[in-house]
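Below you'll find the structure, written out as structure tokens, and then a few comments.
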Amino acid sequence: MGKTLFDKVWDSHVVTTIKDGPQVLYIDKHLIHEVTSPQAFNELKERGIPLLRPHQILATADHNTPTKDQHLPIKDELSRKQLEALTNNCAENNIELYGLGHKYNGIVHVIAPELGVTQPGMTIVCGDSHTSTHGAFGSIAFGIGTSQVAQVFATQSVVMEKPKSMRITIDGKLKKGVLSKDVVLYILSKITANGGTGHFIEFAGEVFENMSMESRMTVCNMSIEMGARGGMIAPDATTFDYVKGREFAPKDADFEQKVAYWKTLATDVRAVFDTEYTFDASDIAPMITFGTNPGMGIKITELIPENKNESYKKSLQYMGFSQGASLENLQVNYVFIGSCTNARIEDFRAAADFIKGKQKAANVTALIVPGSQLVAQQIKKEGLQEIFETAGFELRQPGCSACLAMNDDKIPDGEYCVATSNRNFEGRQGQGSRTLLASPLVAASVAVAGKIVDITKLV
Amino acid sequence: MEKFKTLEARAIPLPVENIDTDQIIPARFLKATDRIGFGKNLFKDWRHYKDGSLNDEFVLNNDVFHGSILVAGSNFGCGSSREHAAWALCDYGFKVVVSSFFADIFKGNALNNGLLPVQVSEDFLQALLKGLSEDPKMIISVNLEQQLITVARLNLSEKFEINPYKKLCLLSGYDDMDYLVSILDDIKEYEEKR
Ligand code: SF4
């Protein structure tokens, strides 16, 4: 029997197997941020355990940072203290920190790939569930809790049962106006928000092979929304081209040697998966969510499905929607383009391309939040800033922002927000906020129209 | 970590599916740098109306229900990896969460904090919820050694799964950190070899 991409990377990182139990997995890269690390540092101090490999850790501040006036002291006392704790902990332990104001600062899952830290065949963890993003490179990347953050600090390892394997194959060509976000929302609408639980997913087939690295990251980012621990895509020429020449990527002969190894990682033809799904690209259309979990999505032109389940009804009630209704023409006053799902340059290009020469609707507040300083720079360089600002969009400084609304970027109570982020949970974007997840292109069209429109008629 | 062997306790029913970690502990309460005190903000936005007043209809505010076992709908703990969700449940006083399905990361976080996730069949869960609505004082026993959850009043009992290693950890109050530190030499040897 052959091995899957996941098997190959996993097996090469097993330190030992506990009898009748889980395995000990060695971790190559550990990414940390301000929210889920302080308690881990405290735990080590309390237990008197030193950090094992500080140079395999990279830190950033992103979740709890303001997106305005980042050069000024942070007003919120608790937020400021949390960031200070990160700065002190990193300094004390010799950890590289790209804090607020650093030229490489940004959302952890945006900066590690763009700096070449993320590479195929690696194991990567972070105290954040969207660590799954890095699987786009053919690495095993997953989110961990704070106790495990402490364990990785101390031993560069985690204790984990090997997950089951799933493959989702989509062949064919995507239609006009369909972006990678639509692909992943479509999969979610089919397999539901817990369809991937206990699994690691490999995305395979023409659609993913033809995607850019940034699009692949959007897909793998949301594999956690399927309940999976993570998602992966086999590394190929697109991956190698992306990694090549980046700040922390291997150089010259070293790079060539790595590529030779990375090429061996693809799933063997005879490998068998525990679960398989196949979909057809021609069935995928621009999507939007209507409920309070990311599996509750429809094509923009479809009606909200009927369902007698009590939790489903509770969800629609929260959203203010009824079964069988259409979302087209729903007035929306807030649009958020950002987050580790869709805040890379490709996302802003797609939005700007649509917005160019148009104006946002008067009722809309539209927030554009780049995923990193490097993306922010690129936005300027390519003239997208001008397009956004002329159209009445507000361009902010990088961070997680309204994706989880820990800072001041909150959507008011009861308001709808079409967001390019990954979670539409109750109150996720602020108490009482109602989130509809969509692609950057759909978000841009809503900002311009002031309501939900069928984007396929406009592109 | 505290040891867990058996528990006989009353339970609080929360028959909602897909309860995500943003509901268990909303993001705005994640600014703390220590692990304590999250219990007061557990299910904050379900416990309170938007004006801050108490929502009497929410089960945690209902005097009829008490207990250290939470009985919740399928796919409990989905969403973010925040361990704050497990801390909040523990801090509030829960020792066991019963559901027909747990999200992976939550399950791991719970176990790392001595909070036992007991996964039961959907039928068992529904019987439990119905039983609690008829008799809120009903006692549930959880025996980790035997991996058994029993409700004498309903004449119901079901075996639950738990990894033998994790079981041993809970029974002896030993955690992953203790284990990993004990094999540090093996880890270094692995580093050398690769
Ligand atoms: S952008 Fe949102 S999902 Fe991504 S890391 Fe930040 S808070 Fe998490």
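All chains are named by letter (A, B, ...) in the order of the sequence lines, taking the proteins before the strands, and each is independently numbered beginning at 1.
Neither the backbone nor the side chain of A:E34 comes within contact range of chain B; no heavy atoms are under 4.5 Å apart. The contact between A:L404 and chain B is made by backbone and side chain atoms together, counting heavy-atom distances below 4.5 Å. With a 4.5 angstrom heavy-atom cutoff, A:N407 does not touch chain B via any of its atoms. Proximity to chain B involves both the backbone and the side chain of A:R428, based on heavy atoms less than 4.5 angstrom apart. Within the 4.5 angstrom heavy-atom criterion, atoms from both the backbone and the side chain of B:E17 approach chain A. Contact of A:N422 with chain B is not made at all, since no heavy-atom distance falls under 4.5 Å. Heavy atoms closer than 4.5 Å to chain B are found in the backbone of A:S12, but not in its side chain. Proximity to chain B (any heavy atom under 4.5 Å) is shown, for A:H130, by neither the backbone nor the side chain. At a 4.5 Å heavy-atom cutoff, the contact between A:A154 and chain B is made by backbone and side-chain atoms alike. For A:L83, no part sits under 4.5 Å from any heavy atom of chain B, backbone or side chain. Looking at A:N89, there are no atoms closer than 4.5 Å to chain B (heavy atoms on both sides), in backbone or side chain. With a 4.5 Å cut-off on non-hydrogen atoms, A:Q82 touches chain B through its backbone and its side chain both. Proximity to chain B (any heavy atom under 4.5 Å) is restricted, for A:L44, to the side chain, taken from C-beta onward. Using a 4.5 Å cut-off between heavy atoms, B:E189 makes no contact with chain A at all. For A:T16, the part lying near chain B is the side chain, with the backbone staying farther off; criterion is any non-hydrogen pair under 4.5 Å. Residue A:V15 touches chain B through both its backbone and its side chain, counting heavy-atom pairs closer than 4.5 Å.
Interface remark: of the candidates B:L30, B:L184, B:V181, B:L30 forms the most heavy-atom pairs closer than 4.5 Å to chain A. Options B:G79, B:A32, B:S74, B:G108 differ in how many heavy-atom pairs under 4.5 Å they form with chain A, and the most are formed by B:G79. Comparing A:T36, A:N42, A:N64 by heavy-atom pairs within less than 4.5 Å of chain B, the highest count is held by A:N64. Of the residues considered (B:K188, B:R82, B:H84, B:K44), B:H84 shows the highest number of contacts with chain A, using heavy-atom pairs under 4.5 Å. By number of non-hydrogen pairs under 4.5 angstrom with chain A, the leading residue of B:D175, B:N18, B:I183, B:N113 is B:D175. Contacts with chain B were tallied for A:R53, A:Q156, A:K410, A:R47; A:R47 has the most, counting heavy-atom pairs under 4.5 Å. Contact count against chain B (heavy-atom pairs under 4.5 Å) is highest for A:I18 among A:L78, A:I18, A:L52, A:I224. Between chain B and the residues A:G145, A:G21, A:A405, the largest count of heavy-atom pairs under 4.5 Å involves A:G145. Ranking B:D20, B:V16, B:N109 against chain A, the residue ahead of the rest is B:D20, based on heavy-atom pairs under 4.5 Å. With chain B as the partner, the residue from A:K314, A:Q148, A:E310 showing the most heavy-atom pairs under 4.5 Å is A:K314. Comparing A:D76, A:V158, A:T131 by heavy-atom pairs within less than 4.5 Å of chain B, the highest count is held by A:D76. Heavy-atom pairs under 4.5 Å with chain A peak, among B:L168, B:N112, B:D186, B:N163, at B:N163.
Between A:H30 and A:F153, a ring centre-to-centre spacing shorter than 6.0 Å is recorded. Here the two rings, on B:F38 and B:F29, have centers that are 6.0 Å apart or farther. Aromatic pair B:Y179/B:Y165: centroids less than 6.0 angstrom apart.
Under a cut-off of 6.0 angstrom, the local environment of NZ in A:K164 is sparse, with at most 12 non-hydrogen atoms contributed by other residues, nucleotides or ligands. The 12-atom threshold is exceeded at CG of A:N309, counting heavy atoms of other residues, nucleotides or ligands nearer than 6.0 Å. Within a 6.0 Å sphere centred on CG of A:D408, heavy atoms belonging to other residues, nucleotides or ligands number 12 at most.
For the residue pair A:D128 and A:H109, a side-chain donor N or O sits within less than 3.5 Å of a side-chain acceptor on the partner. B:T150 and B:S157 share a donor-acceptor pair across their side chains, judged by distance under 3.5 Å alone. Side-chain polar atoms of A:E426 and A:T292 form no donor-acceptor pair below 3.5 angstrom. No side-chain donor-acceptor contact under 3.5 Å links A:Q39 and B:W87.
With hydrogens and angles disregarded, no donor-acceptor distance shorter than 3.5 Å links the side chain of A:R229 to the backbone of A:F200. A donor-acceptor pair is defined here as one N or O able to donate and one able to accept, closer than 3.5 Å; no such pair exists between the side chain of A:N194 and the backbone of A:G227. Checked by atom type and distance alone, the side chain of A:S433 never pairs as donor or acceptor with a backbone atom of A:D413 at under 3.5 Å.
Shown are A:T435, A:T289, A:N293; of these, the side-chain hydrogen bond (donor to acceptor under 3.5 Å, both in side chains) with A:N424 is made only by A:T289.
Between B:F102 and B:F76, the ring planes are perpendicular. Angles over 60° get that label, and only those under 30° would be called parallel.
Here the shortest heavy-atom pairing between B:L125 and B:A72 reads CD1-O, 3.5 Å.
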